[in-house]
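Here's the structure, in structure tokens; my notes come after.
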Amino acid sequence: MILLDRWFEGMTRGLARRSGRRSFLARLGLGLVGGAAVPLLPVARAAQDPARAGAAPENIDGPAGDPQDCEYWRYCAIDGLLCSCCGGSHTSCPPGTEMAPVTWVGTCRNPADGKDYIISYNDCCGKTFCGRCFCNRNEGERPAYHWYRNNDINWCYGTKSQIYHCSVAVVLGVAVEGQPEK
Amino acid sequence: MRAELRRLLLAVWCVSLIGAPAVAEVSPRHDYVLHCSGCHRADGTGAPDDIPSLIGIDRFLRSPEGRAYLIRAPGVAQAPVSDERLAALMNWVVVEFGADAPSPGYTAVEVGVWRARPLRDPTELRARLLASDAPSDEPR
């Protein structure tokens, strides 16, 4: 602490000897105002807005990058059958099924960039249980009384048929923060 | 002297950054997508018979009871965000899916009061509020 104290004293005394107060105050003021303004600049803010967010990086090696594997990064809270094993993909329903517009929404971290993304687990409905690639990860899932973060209930709302077939995981955008239940 | 001054200014600048909000600003649209859109959908239309539509939501602001209802409704009151963020979210929702902004806008204090008073029967209250409104342009 004494060394730190001496270093600060030396620096400020030296500065006082060699500079005028007015110029110092002018520069100090500039630094304060400039520093305070930096967080207000619109730098990269657009990327945080889900409506303007770009696609999530998918260049991931191993199971976390495979949409037909339960460990695929988007499936962190999934409880169901992967549409990518049932004739559809991780973002589209198999033929003959209808994607439910009402969904379970949460966040998953993408290992490619370390960011959280908002994920929508839409169920595909209208055909009987697909029966392939059952996954049950449930990260951030909550009991049935916390309905909008529960994946045990049938999410075939808003569709012609309430028969569950499989689930997809659609990226809705970048999450500024992970869902609070994690 | 210039090098020392630069160092001092750099230190001041760093301190001013620490004073700035540590958490990135969260937009109401972000909170809507994460906490509301799963049920009410991105376009606010919901699902007939299951999830109420938000289109024309500003009509609830015509009465004090309706204004409180929009905050006391279960999905709103229980949304996992602070009173400040919920107030910003609802001010955004009303404009996004309605016509007129709340006047005055919701504040964190008002939101905190209403969300602490759960509704025993939100469906009944919603029906009553809509029945007392103009029948010609009710939201679905």
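Everything numeric in this text was worked out from a predicted model, so none of it was measured. Here is the naming used below: chain letters follow the sequence lines, and residue numbers restart at 1 for every chain.
No continuous path of ILVMFWY side-chain contacts below 4.5 Å connects V95(B) to F60(B), so the two sit in separate hydrophobic clusters. Hydrophobic clustering, with ILVMFWY side chains joined whenever heavy atoms are under 4.5 angstrom apart, keeps W147(A) apart from V76(B). Tracing side-chain contacts under 4.5 Å through hydrophobic residues (I, L, V, M, F, W, Y), one reaches W92(B) starting from L86(B); they form part of the same cluster.
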- Query: I118(A) and H30(B): side chain to side chain contact (heavy atoms under 4.5 Å, CB included), yes or no, with the steps?
  - Reply: CA-CA 9 Å; I118(A) 303 175; H30(B) 172 281; 4.1 Å; yes

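Annotation: the span from H146(A) atom NE2 to Q78(B) atom CD amounts to 8.0 Å, rounded to 0.5 Å. One finds the SG atom of C39(B) at 11.5 Å from the CH2 atom of W104(A) (value rounded to the nearest 0.5 Å).
When all heavy atoms are compared, the tightest approach of Y148(A) to P80(B) is OH-CD, 3.3 Å. In plain terms, the two heavy atoms of V102(A) and A47(B) that are nearest each other are CG2-CB, 3.7 Å.
Residue D50(B) qualifies as enclosed at atom CG: its count of foreign heavy atoms under 6.0 Å is above 12. Applying the 6.0 Å contact sphere to CG of D49(B) captures no more than 12 heavy atoms from other residues, nucleotides or ligands. More than 12 heavy atoms of other residues, nucleotides or ligands lie within 6.0 Å of OH in Y164(A), so this atom counts as buried by the packing criterion.
There is no contact between P48(B) and chain A, counting heavy-atom distances below 4.5 Å.
Between L34(B) and V105(A) there is a side-chain heavy-atom pair separated by less than 4.5 Å.
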